[in-house]
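Step one of this worksheet: look at the structure below.
In listed order, ligands and their atoms are each counted from 1. Everything numeric here is computed off the predicted structure, so don't read it as measured data.
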Amino acid sequence: MHSTTSEPAHVNEPVAPLAAGTEQALKIAVVGGFGVGKTTMVRSVSEIRPLTTEETMSQAGAGVDDNNGVEGKRTTTVAFDFGRITLDETSVLYLFGAPGQERFWFLWDRLFTGALGAVVLVDTRRLQDCFYAIDRLEAQGTPFVVAHNDFGETEHSLEDVRAALDLDPDIPLIRCDARERASAKKVLIELVHHVRFLITKGAR
Ligand SMILES: Nc1nc2c(ncn2[C@@H]2O[C@H](COP(=O)(O)OP(=O)(O)OP(=O)(O)O)[C@@H](O)[C@H]2O)c(=O)[nH]1
Ligand SMILES: [Mg+2]
């Protein structure tokens with residue numbers, strides 16, 4: 001297991017080990033198509049140096065792994081990214097970034113089991129790559145929000161993205177930059193608000 005990019009500054013700050021009084025662990029999954037920024041998001045918000053399972057992409061993956069649109073990508077997640085955020089003295093949030101390549105999608109259903117909710121990351125250059133994630137989350141009844149990870153590629157409004165995804169009006173859709181801690185945090189907060197909304201509505 002190894003990381004290939006430099007650590008966000010906050011990851012090198014000393015971090016207390018998991019508090020002894022921790023009683024509640026919540027799980028959030030980060031899913032979406034290949035190269036959409038899932039590992040980047042988990043790295044941005046985690047308070048610990050995230051466990052990642054990046055492997056260098058090799059010639060063997062040519063023709064199997066569709067890197068159309070992300071030609072500069074050199075590594076890919078082969079199991080999960082794992083990060084942690086302490087919420088308070090008793091609660092901790094675990095973040096699981098899924099592997100994005102189609103050959104690993106069978107792992108996702110397991111990942112959603114017991115999750116508080118999920119973040120679906122989308123890249124508007126490859127919008128279709130998130131359809132499977134949305135289908136599975138809907139099928140499993142797992143609450144989710146959709147975040148457009150902005151690579152600076154588009155002038156599409158969020159309304160356009162919502163229409164293209166045929167997203168239910170109740171499902172939050174926001175824009176983010178997965179590289180920015182504050183932006184990634186906002187996505188997680190949006191998800192928590194959404195879960196709370198569903199609970200109040202009696203849908204959970
Ligand atoms: N410009 C820009 N680049 C980004 C952003 N998010 C991620 N990247 C870059 O996009 C590339 C892919 O990001 P990853 O985080 O590895 O994507 P992933 O979804 O984990 O990829 P897989 O696990 O292989 O599916 C990396 O080189 C990131 O630095 C973003 O918001 N803006
Ligand atoms: Mg990844």
Open item on the list: Check for me whether R126 meets the cation-pi criterion with F34, that is, NZ or CZ under 6.0 Å from the six-membered ring centre and within 45 degrees of the ring axis.
Closed with: no
TODO: Output the list of atoms in ligand 1 that are nearer than 4.0 Å to some heavy atom of T40, sorted by atom number.
DONE: 6 (N), 7 (C), 13 (O), 14 (P), 15 (O), 28 (C)
Task: N/O donor-acceptor pair under 3.5 Å between K185 side chain and E180 backbone - done: no
Task: Donor-acceptor contact below 3.5 Å, side chain R162 vs main chain I171 - done: yes
Open item on the list: Does any N or O of ligand 1 fall below 3.5 Å from an N or O anywhere on C176, backbone included?
Closed with: no
Open item on the list: Polar contacts were defined as any N/O atom of the residue lying under 3.5 Å from an N/O atom of the ligand; does this apply to R179 and ligand 1?
Closed with: yes
Task: L191-I199 co-clustered via ILVMFWY side chain contacts under 4.5 Å - done: yes
Open item on the list: If you measure every N or O of G37 against every N or O of ligand 1, does any of those distances drop under 3.5 Å?
Closed with: yes
TODO: State the atoms of ligand 1, each with its element, that fall below the 4.0 Å cut-off from a heavy-atom position in D177.
DONE: 30 (C), 31 (O)
Open item on the list: Is the ring pair H194/F197 parallel, tilted or perpendicular, if the boundaries are 30 and 60 degrees?
Closed with: parallel
Open item on the list: Side chain, backbone, both or neither: which applies to N149 and ligand 1 if a contact is any heavy-atom pair less than 4.0 Å apart?
Closed with: side chain
TODO: Please state which part of D150 comes within less than 4.0 Å of ligand 1, counting heavy atoms only: side chain, backbone, both or neither.
DONE: backbone
TODO: Starting from the C-alpha separation in whole Å, work towards a yes-or-no answer on side chain to side chain donor-acceptor pair (under 3.5 Å) for E47 and T86.
DONE: CA-CA 8 Å; E47 67 192 10; T86 303; 2.6 Å; yes
Open item on the list: When you compare ligand 1 with P99, is there at least one nitrogen or oxygen pair between them that comes in under 3.5 angstrom?
Closed with: no
Open item on the list: Distance check below 2.8 Å: does T39 bring an N, O or S atom to the Mg ion (ligand 2)?
Closed with: yes
Open item on the list: Checking the N or O distance criterion of under 3.5 Å, is ligand 1 in contact with T39?
Closed with: yes
Open item on the list: Measuring from atom 19 (O) of ligand 1, which candidate in M41, K38, R43, Q101 has the nearest non-hydrogen atom?
Closed with: K38
Open item on the list: Could you check whether any heavy atom of G97 sits closer than 4.0 Å to an atom of ligand 1, since that is the contact criterion I want to use?
Closed with: no
- [ ] May I ask you to decide if G100's main-chain N or O and W108's side chain share a donor-acceptor pair within less than 3.5 Å?
- [x] no
TODO: Using modelled atom types only, decide if a donor and an acceptor are shared between the side chain of S183 and the backbone of D177 within a distance under 3.5 Å.
DONE: yes
Task: N/O separation below 3.5 Å, G100 to ligand 1 - done: yes
- [ ] Decide salt bridge (charged side-chain N to carboxylate O under 4.0 Å, His left out) for D109 and R136; before the verdict, give the C-alpha distance in whole Å, the side-chain angles of both, and the deciding distance to 0.1 Å.
- [x] CA-CA 7 Å; D109 277 2; R136 294 312 309 153; 2.9 Å; yes
